[in-house]
2 protein chains.
Amino acid sequence: MVTGSEADAVAGAGAGAGALYRRVAADLREAIAAGEYGSGGRLPAEQALAAHYGVSRGTIRQALAALRANGLVTSRRGTRRVVLGTTRVQSFSELVSFTSWARSLGEEPGGRVDRIERRPATAYEREQLRLPADGEVILVLRARTLSGQPVMVERSVYPLWVGELVARIPADAVSHTEPLQEQGVVFADADHTIDLAAADADDARLLGCDLAAPLLRERRRSTDPSGAPLECSEDRYMPGTVAFTVHNSLAGSALTRRQAAP
Amino acid sequence: MVTGSEADAVAGAGAGAGALYRRVAADLREAIAAGEYGSGGRLPAEQALAAHYGVSRGTIRQALAALRANGLVTSRRGTRRVVLGTTRVQSFSELVSFTSWARSLGEEPGGRVDRIERRPATAYEREQLRLPADGEVILVLRARTLSGQPVMVERSVYPLWVGELVARIPADAVSHTEPLQEQGVVFADADHTIDLAAADADDARLLGCDLAAPLLRERRRSTDPSGAPLECSEDRYMPGTVAFTVHNSLAGSALTRRQAAP
DNA sequence: GCACCCGAGTTGTATAGCCAACCTCGGTGC
DNA sequence: GCACCGAGGTTGGCTATACAACTCGGGTGC
């Protein structure tokens, strides 16, 4: 947008997310995606945007910081911001949840629980889930499909209080995060580690690939808003079905390279 | 820190990076890494930190936003921040540059240019590097080692003005980004796509693996501070040598899942 | 003993203003 | 034609303030 002459552009953009700066950010995202400034084009100055949206410069800067973190625009002292790309940005739920990701692509996601077991936590799991020495966990092994095609095997390890909720979900439920959310279990932060793994017997059986076939592996540890560990999962994807993308920049980044564990 | 009673803790922490909030952030990072608040412990309130460091609450919030983006602390309305992890955070250069990453781990990085060619850009490269229809590029194929062991094959495609600088670097130079930086070529933003690829003849020869062996692939597009494309690279890692880690949260994230290209 | 409510503490959002650092571009001088 | 300089425009950084929204624990009332 940023074309009209009135200052109520934000109100006109609809009551999106509550915060003002989020609505401004969403509007700018749309404008960029629509190619309103072109690729490599320049954004209006902060002051101009502030005047247009009828908000303070601080609010505009908050909105622009979000766009910058997503790799949509550059940002350097002395020059107007430059459009880097028009990449559509996915919401957090599309990241943590295979289901909402698939749906946002127009694909038909599916899932089927293969096995649930309750057992003592391994040392690794105790550390990740911050459990005591005699802590127990619930492991859920689940095959995930895209339009009927098996695409990923998910091994999620939950602390008991979450696992017991998960165990009550029907085995062929498409989504697990949605029913959990309804019961007040909210995923807020996640750490991901991406590398490569060889298919074991379960993977081969559920994905229909050979034993020891190479798979793209994503290990994930999720916490709720209070920082309490909710889940510790290992997902293995069939090659050629998904890729992970990350943006980072000089001014703060979330991506790191790591030496693989032995 | 946050233990003394004086307000000049920042000055005492040494003249690190110029900006105040960066120094505060660095100091808090250290304190967290030292386990000063424990894992799952609570940080002091913003006001307390502001008083301690002798800065305004706004500056403290800037510092804390950086920690939060790196997944070190949570952040929700109504409660003090909670320490999520003590993950060491790498600088941007350790991400874009294999060399500084390896050095920060105490490993001995190496590199050897295998081949340099100048050729017309493919359609994909023209789009990524924003080149005209008859644009040309310089391709550099390079093997990278860790303590002598071949670990990664790097295929970097540069626009001519960068490629000509790269071509002047000795074939066995350890780092390419450092000499480039000295000549004013600064990497500021990068988009990464991570998936899996099969080794081709070059990979097999340089890495000593079988043809079609599975490799972890990272495709990268880097731009300079003005948003001008600098590089468009495809790196292939031997399995078990590196993993990529990412943090994301409800409040803005850089990671996305993508459907693999056909 | 239990549910409820209220209030203190804390972070989120928004505003306003100031100065420094920096980039760009046009004009000047040679 | 070329190098240099400077003015204006723009973002980065920092401060101060105010209020809203939320968490959590303790006290009250039943």
Side-chain angles (χ1 to χ4, degrees), chain A residues 7 10-11 15-26 28 37 41-69 73-83 184 186 188-189 224-228 249-252, chain B residues 7 10-11 15-26 28 37 41-69 73-83 184 186 188-189 224-228 249-252:
Chain A
V10 174
L20 204 42
Y21 79 91
R22 282 178 191 279
R23 277 178 280 169
V24 172
L28 287 171
Y37 307 108
R42 282 178 168 173
L43 248 53
E46 292 175 358
Q47 256 179 343
L49 290 172
H52 171 73
Y53 285 109
V55 300
S56 76
R57 193 184 153 214
T59 301
I60 292 292
R61 284 178 66 79
Q62 253 182 300
L64 289 171
L67 299 198
R68 173 171 140 198
V73 298
T74 61
S75 176
R76 44 201 278 251
R77 191 179 260 171
T79 314
R80 294 237 279 268
R81 286 177 173 78
V82 171
V83 176
V186 179
D189 283 82
D224 77 358
S226 77
S249 77
L250 264 176
Chain B
V10 175
L20 204 44
Y21 79 90
R22 283 179 191 278
R23 277 179 279 167
V24 172
L28 286 171
Y37 307 109
R42 281 178 167 173
L43 248 54
E46 293 175 358
Q47 257 179 343
L49 290 172
H52 171 72
Y53 285 109
V55 302
S56 77
R57 190 183 154 214
T59 301
I60 292 293
R61 283 181 65 80
Q62 257 182 298
L64 289 171
L67 299 199
R68 173 171 139 195
V73 298
T74 59
S75 175
R76 47 203 273 255
R77 191 177 255 168
T79 313
R80 294 236 280 268
R81 285 174 172 79
V82 172
V83 176
V186 179
D189 284 82
D224 77 358
S226 79
S249 78
L250 264 175

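Side chains are part of it too, since the values below use all heavy atoms of this structure and drop only hydrogens, waters and symmetry mates. Please read all numbers here as calculations on a predicted model, not as lab measurements. Here is the naming used below: chain letters follow the sequence lines, and residue numbers restart at 1 for every chain.
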Visitor: Atom CD of A:E46 to atom P of C:dA16: distance rounded to whole Å?
Guide: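 About 15 Å, once rounded to whole Å.
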
Visitor: Calculate the interatomic distance between A:R61 atom CZ and C:dG17 atom C1'; express it in whole Å.
Guide: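 Going from CZ in A:R61 over to C1' in C:dG17 covers 14 Å.
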
Visitor: Rounded to the nearest 0.5 Å, how far apart are CG of B:L67 and OG1 of B:T74?
Guide: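 Taking CG in B:L67 and OG1 in B:T74, the distance rounds to 11.5 Å.
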
Visitor: Grab the CZ-C1' distance between B:R76 and C:dG9 for me, whole Å please.
Guide: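 For the pair B:R76 CZ and C:dG9 C1', the rounded distance is 14 Å.
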
Visitor: For B:L49 and C:dG9, what is the distance between atoms CG and P respectively, to the nearest whole Å?
Guide: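 B:L49 atom CG is separated from C:dG9 atom P by 17 Å.
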
Visitor: 5' to 3' on DNA chain D, which nucleotides open and close the contacts with chain A (atom under 4.0 Å from a heavy atom)?
Guide: D:dG9 to D:dG13

Visitor: State, to 0.1 Å, how close B:V73 and B:L64 come at their nearest heavy-atom pair, and which atoms those are.
Guide: CG2-O, 4.4 Å

Visitor: Identify the heavy atoms of B:P225 and A:R76 that sit nearest to each other, and give their distance.
Guide: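 Reported closest heavy-atom pair: O-CD, 2.8 Å.
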
Visitor: Would you find a donor on one side and an acceptor on the other, under 3.5 Å apart, between the side chain of A:R81 and the backbone of A:R42?
Guide: no

Visitor: How close do A:Y37 and A:V83 get, heavy atom to heavy atom, and via which atoms?
Guide: CB-CG2, 3.9 Å

Visitor: What's the shortest heavy-atom distance between A:A63 and A:A25, and which atoms?
Guide: CB-N, 3.7 Å

Visitor: Is there a donor-acceptor pair closer than 3.5 Å between any side-chain N or O of A:R80 and the backbone N or O of A:L43?
Guide: yes

Visitor: Counting any heavy atom closer than 4.0 Å, what does A:S75 reach on the DNA or RNA strands: base, sugar-phosphate only, or nothing?
Guide: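 Sugar-phosphate contact only - A:S75 comes under 4.0 Å of backbone atoms but never of a base.
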
Visitor: Just compare C:dT10, C:dG12, C:dA14 and give me whichever is closest to any side-chain atom of B:R81.
Guide: C:dG12

Visitor: May I have the distance from A:R22 (atom CZ) to C:dG12 (atom P), rounded to whole angstrom?
Guide: 11 Å

Visitor: Starting at CD1 of A:I60 and ending at C1' of C:dA16, how long is that distance when rounded to a whole Å?
Guide: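 About 15 Å, once rounded to whole Å.
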
Visitor: Between C:dC19 atom P and A:R77 atom CZ, what is the distance in whole Å?
Guide: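 In whole Å, C:dC19 P and A:R77 CZ are 16 Å from each other.
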
Visitor: Mind calculating the distance between CD (B:Q47) and P (C:dA8) to the nearest angstrom?
Guide: 15 Å

Visitor: Need one value for B:R57: base, sugar-phosphate or nothing, where a base atom within 4.0 Å counts as base even if backbone is also close, heavy atoms only.
Guide: base

Visitor: Assuming nearest nucleotide by heavy-atom distance, tell me which of A:T79 and A:T59 is located more 5' along DNA chain C.
Guide: A:T59

